[in-house]
Amino acid sequence: EPPSARFAAVSDLRLRLFDDEAVVFDPLSWDAHLLNPAAFAVLELLVEAPRSEEEVAGFLAEALQAEEQPQVPAHARRLIGELQSLGLVRPVESSVSAHR
């Protein structure tokens, strides 16, 4: 069984938090993005280390209320997808995480 895909933030992102808005700047593309707190928290997590969708869901589950728990896996998938579409997150090979 193949390992589940892992995702990592692209390199050199600049993350800044202002009140309840977060700004991410990519110096390579010169793109700046406004993120909501959940997307920002997931991006920070993926800056630290590559994570699987399940790990992101576990991280989100800790921050969400009990009634929101059933939506956690879908929420994690959507946030990762949004961050990927913005060019801030990319899938990584499992073996790559060993090479730093």
Checklist entry - Closest heavy-atom contact between Arg51 and Glu55? => result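 Looks like CA-OE1, 3.1 Å.
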Next on the checklist: Using every non-hydrogen atom in the two residues, find where Ala57 and Val72 come nearest and quote the distance to one decimal.
Outcome noted: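 In this case the closest contact between Ala57 and Val72 is O-CG1, 3.1 Å.
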Approximate separation, where rounding is to 0.5 Å, of [X] [atom1] and [Y] [atom2]:
X	Y	atom1	atom2	value
Phe59	Glu54	CZ	CD	16.0 Å
His33	Ser85	NE2	OG	8.5 Å
Glu53	Arg78	CD	CZ	12.0 Å

Next on the checklist: Walk me through whether Gln84 and Phe7 qualify under side chain to side chain contact (heavy atoms under 4.5 Å, CB included).
Outcome noted: CA-CA 9 Å; Gln84 270 189 279; Phe7 300 89; 3.5 Å; yes
Within the distance-only criterion (no hydrogens, no angle test), does the side chain of [X] pair as donor or acceptor with the backbone N or O of [Y] below 3.5 angstrom?
X	Y	value
Glu21	Phe18	no
Arg6	Pro50	yes
Arg14	Asp12	yes
Gln69	Ala61	yes

Next on the checklist: Between Leu17 and Leu13, is there shared hydrophobic-cluster membership here, with clusters defined by ILVMFWY side-chain heavy atoms closer than 4.5 Å?
Outcome noted: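 The answer is yes; both residues are in one hydrophobic cluster.
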Next on the checklist: Starting from Ile80, can I reach Leu34 by hopping between I/L/V/M/F/W/Y residues whose side chains sit under 4.5 Å apart?
Outcome noted: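 The answer is no; the residues belong to distinct hydrophobic clusters.
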Next on the checklist: Which residue in the set Val89, Val56, Leu35, Leu88 passes side-chain contact (heavy atoms from CB on, under 4.5 Å) when paired with Val42?
Outcome noted: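 Answer after filtering Val89, Val56, Leu35, Leu88: Val56.
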Next on the checklist: Using the rule side-chain contact (heavy atoms from CB on, under 4.5 Å), only one of Val24, Leu86, Leu79 pairs with Leu43; which is it?
Outcome noted: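 By the side-chain contact (heavy atoms from CB on, under 4.5 Å) criterion, Leu43 pairs with just one of Val24, Leu86, Leu79: Val24.
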